[in-house]
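Let me begin by presenting the structure, written as structure tokens, before commenting on it.
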Amino acid sequence: MSAPHLLAARGIERGYRRRSVLRGVDLTIDAGEVVALLGPNGAGKTTLMKVVVGLLEQTAGTVEGPRGRAVGWVPQGGATYARMTVRENLELFAKLLRLDGRPADLARTAARNADLEPWYEALGSELSGGLRQRLNVAVGLLGGPQLLVLDEPTTGVDLVHRTALFGVLRKRAEAGCGVLFSTHSIEDAAVADRVVVIVDGLSRYDGPLAAVADVQLEGDDPVSAADAERLDPVSLGLLRLWQSPDAHGRAGSYS
Amino acid sequence: MIVPFLLARKDARMLARTRALLVLLVTYPLVVAAIVGGLLLSQGPPTIAFVNEDLTGSEVRIGQESFSIDSYVRQAEKNGVQVESMEREEAERALDEGQVAGILVIPGGTVAKLNTQLAGADLKFIVGDSALGSIVAQRMKGVVYNINLSISDALIEANRDYLDKLVTGGEVEVEGQEFDLYGLAPIEDDLREARDELEDQDADQELIDRLDRAIEFASDAGSAIGLADNALEATAAPIRLDVDRLEGKSPLLTAQAMGFALAVLIGFVCVVLVAASLAAERDEAVLGRLLRGLAAPWQVVVGKLLLGALLAVLFSTGLFVVYGVLEPQSWSRLPLLLGAVIVASLACSAIGAFIAVLVRDARTATLVGILLILPLAPLALVGGDGPLAWIENVLPVTPSRDLFNAVLFDASPWDTVRARSLQLLAIAAVPGVLAARLLRRLV
């Protein structure tokens with residue numbers, strides 16, 4: 001009998017006003033696992049993550065796993081205060097989380113772990129995009145969450161900071177933390193142990209990234225011959241999933 | 001409860017780092033105080049309509065003195081009010097159109113009542129619902145005080161004359177009839193003369209003793225009536241104030257200007273800054289992080305209300321320093337004023353929070369806040385009827401103005417303070433609760 005998942009979301013549905021965004025998504029994450037959520041714009045990745053971290057209530061389905069402060073949340077867009085220093089941001093969120101220990105000590109440790117000490121007294125607005133994102137992740141990691149959820153953490157981040165960021169995530173996973181991040185990038189997804197592809201509010205694939213290349217679709221190939229020649233097998237597999245007519249209605253049509 | 005304080009302190013720290021805003025926080029209240037105060041103080045005296053409906057005569061006659069109420073009212077200029085005689089209908093139309101700030105009516109029978117010296121009379125003063133109306137009402141109370149003082153003086157003088165005549169003898173006039181009084185002093189003289197003659201004639205000693213007692217009574221009565229003169233004056237007016245009017249500011253007007261300026265300032269500062277600040281939490285993507293278990297929606301909204309209160313106190317203190325220099329006696333009202341400022345700020349900040357929830361982004365929230373408060377400022381200055389009056393009462397600027405005026409000027413402000421504070425707290429509660437309930441819309 002396999003160990004229970006750290007997080008198990010089943011049949012998640014959620015919409016905004018009359019528009020249905022998630023239409024029965026399944027998602028599991030195990031402790032120590034890094035999972036990438038892949039999908040085109042508007043697929044429902046952010047909405048699914050907000051349901052997972054408890055920011056949005058699903059209209060159908062269940063979410064079992066860590067809740068509240070046991071989940072670290074790293075939203076898009078910096079999500080820290082630009083007119084406060086790195087120290088002030090970390091201390092504020094440490095206080096709001098009501099963590100054990102002195103906020104000053106917790107902030108210093110978090111900055112050290114995120115390699116932000118040289119910019120400890122710099123304002124958020126003075127940091128580069130990559131450093132600001134590191135601060136964002138450092139805030140998400142405060143208190144040592146069991147599950148870390150990151151919404152497109154590499155947007156606007158250069159290779160150096162991206163490598164450092166994934167280094168931090170891998171370290172957290174090795175310590176037993178489950179990590180879920182969303183991305184559009186195949187390079188980023190390659191870092192993950194497993195990828196989940198979401199298209200039009202439905203899970204279209206769940207498995208290792210390399211195996212996306214083996215996805216076979218029923219009916220006509222939605223990818224042009226020119227594109228098929230130009231793209232690598234994994235990208236081609238992903239594009240087929242994203243552009244498949246089945247993506248607009250039926251789930252699980254891949255084999 | 002510590003979370004709202006943490007959030008408010010964070011906002012205050014961030015605001016303090018915006019130098020341009022800091023300079024604005026210091027200079028803006030002073031500039032507004034100068035403009036509003038200057039405008040109000042530079043205006044000429046307000047005009048009132050004067051309607052005399054009394055057909056029973058034009059003069060009140062008391063003893064040797066006669067008074068024309070009409071002419072006294074015309075002396076209202078001394079109290080800083082311009083008077084124009086009008087018919088009742090014309091006066092009411094002028095008040096409705098804002099051409100006059102109030103109507104003073106002398107009802108029929110006023111002069112006849114006063115001439116009896118047995119009954120008082122009621123003058124009627126009608127004002128519009130504006131800051132100017134209450135200024136003029138206060139000034140008219142000064143006019144009536146002067147009339148009362150003159151009538152009181154005349155009554156005392158007339159009664160003193162009667163008493164003098166009782167002692168010295170002479171002619172007196174009561175209700176048009178003349179009487180010739182003999183007087184206690186001549187009686188005493190006559191009695192002394194009669195006593196001396198009786199003594200020379202070796203008259204009965206008992207008769208002489210009886211005359212001595214009568215002489216003693218006449219003498220004591222004369223002395224006692226002489227003392228009553230002064231007592232009468234002292235009883236009628238235990239303390240009198242001689243007023244020398246100097247050119248310069250009017251404390252009441254300054255208080256009104258201060259109340260208006262504070263209400264508008266707090267309206268702008270709290271609505272605009274709180275709306276922008278809450279919407280900015282969304283723009284910076286921090287709100288979602290906060291609402292994911294770090295702070296409840298109500299704590300985020302209360303944090304913004306605390307920020308608004310802090311800003312309002314800072315602004316108001318700056319403005320009050322200017323006012324306190326002009327009116328040093330007002331410093332004793334500072335604690336009550338700060339309480340009023342906090343109550344007013346809660347209402348304005350709650351509206352700011354509600355705007356942020358509705359419009360979502362900081363720029364639009366700022367614009368909507370300005371557009372909301374802008375028309376309320378002139379409305380608070382001139383007042384409105386019908387739907388305008390309703391709008392005034394459900395939004396915080398006019399109730400704040402009334403609250404500040406009561407706090408700064410009224411001798412007994414508590415009724416107004418209680419009523420207006422409750423009104424402002426009710427105004428705060430509705431948008432505040434709605435903002436907290438709808439806050440997750442911003443995530």
Side-chain angles (χ1 to χ4, degrees), chain A residues 16-17 46-47 49-57 66-85 87-99 103 123-126 132-133 135-143 145 147 149-153 155, chain B residues 1-22 24-25 273 276-304 306-307 311 357-358 360-363 437-443:
Chain A
Y16 293 104
R17 296 194 177 92
T46 298
T47 302
M49 292 181 131
K50 284 181 177 176
V51 169
V52 166
V53 300
L55 257 177
L56 290 178
E57 196 81 18
R67 308 296 281 171
R69 287 165 201 166
V71 182
W73 169 232
V74 181
Q76 286 185 57
T80 49
Y81 294 105
R83 275 173 288 167
M84 285 170 67
T85 64
R87 175 181 59 77
E88 288 165 347
N89 267 295
L90 290 168
E91 284 184 6
L92 172 70
F93 286 106
K95 285 176 190 167
L96 289 170
L97 279 161
R98 297 184 194 91
L99 299 175
L123 290 175
S125 58
E126 295 166 352
R132 187 84 187 269
Q133 189 59 8
L135 174 60
N136 190 5
V137 173
V139 172
L141 284 170
L142 277 169
L147 174 65
V149 181
L150 307 94
D151 193 3
E152 298 190 13
T155 303
Chain B
M1 200 57 205
I2 196 170
V3 173
F5 282 101
L6 280 174
L7 296 176
R9 196 174 70 171
K10 170 263 299 175
D11 283 330
R13 177 179 282 167
M14 290 198 299
L15 277 178
R17 290 213 168 111
T18 313
R19 283 186 189 160
L21 189 64
L22 209 59
L24 197 68
L25 279 171
L273 284 184
S277 167
L278 185 54
E281 300 264 9
R282 177 189 177 274
D283 290 353
E284 289 195 290
V286 190
L287 192 63
R289 177 166 256 157
L290 289 178
L291 291 181
R292 214 194 55 75
L294 302 189
W298 70 266
Q299 288 175 317
V300 174
V301 172
V302 170
K304 296 300 175 191
L306 289 173
L307 171 71
L311 291 173
V357 170
L358 290 182
R360 293 170 173 235
D361 74 276
R363 284 183 187 174
R437 287 189 69 88
L438 298 174
L439 195 62
R440 285 188 186 276
R441 277 166 44 102
L442 295 184
V443 175

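What you are looking at is a predicted structure, and each value in this text was computed from that prediction instead of being measured. Just the heavy atoms: all of them, side chains too, but no hydrogens, waters or symmetry mates, feed the values below. Within every chain, numbering begins at 1; the chains are lettered A, B, ... in the order of the sequence lines, protein sequences first and strands thereafter.
Distance check, rounded to the nearest 0.5 Å: CZ of B/Arg9 to CG of B/Asp11 gives 12.0 Å. The structure places CG of B/Leu307 at 8.5 Å from NZ of B/Lys10, a figure rounded to the nearest 0.5 Å. In this structure, CG on B/Leu439 lies 10.0 Å from NZ on B/Lys304, to the nearest 0.5 angstrom.
Per-residue heavy-atom pair counts under 4.5 Å with chain A were compared for B/Gly293, B/Ala295, B/Gly288, and the maximum is reached by B/Gly288. Most heavy-atom pairs under 4.5 Å with chain B, from the set A/Glu88, A/Lys95, A/Arg98: that is A/Glu88. Most heavy-atom pairs under 4.5 Å with chain B: of the set A/Leu92, A/Leu123, A/Val53, this distinction falls to A/Val53.
No donor-acceptor distance shorter than 3.5 angstrom exists from the side chain of A/Gln76 to the backbone of A/Asp151, with no hydrogens or angles considered.
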So B/Arg440 and A/Leu55, side-chain contact (heavy atoms from CB on, under 4.5 Å) or not? Walk me through it. CA-CA 8 Å; B/Arg440 285 188 186 276; A/Leu55 257 177; 4.1 Å; yes
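Both the backbone and the side chain of B/Arg292 come within contact range of chain A, each with at least one heavy atom under 4.5 Å from a heavy atom of that chain. Looking at B/Leu287, neither its backbone nor its side chain comes within 4.5 Å of chain A, counting heavy atoms on both sides.
No donor-acceptor contact under 3.5 angstrom links the side chains of A/Arg83 and A/Ser125, judged on distance only.
Residues from residues 66-75 of chain A that place a non-hydrogen atom less than 4.5 Å from a non-hydrogen atom of chain B comprise A/Gly68, A/Arg69, A/Val71, A/Gly72, A/Trp73, A/Val74, A/Pro75, given in numerical order.
Among pairs with a residue in residues 282-291 of chain B, those fulfilling side chain to side chain donor-acceptor pair (under 3.5 Å) read A/Asn136-B/Arg289, at least two apart in sequence or across chains.
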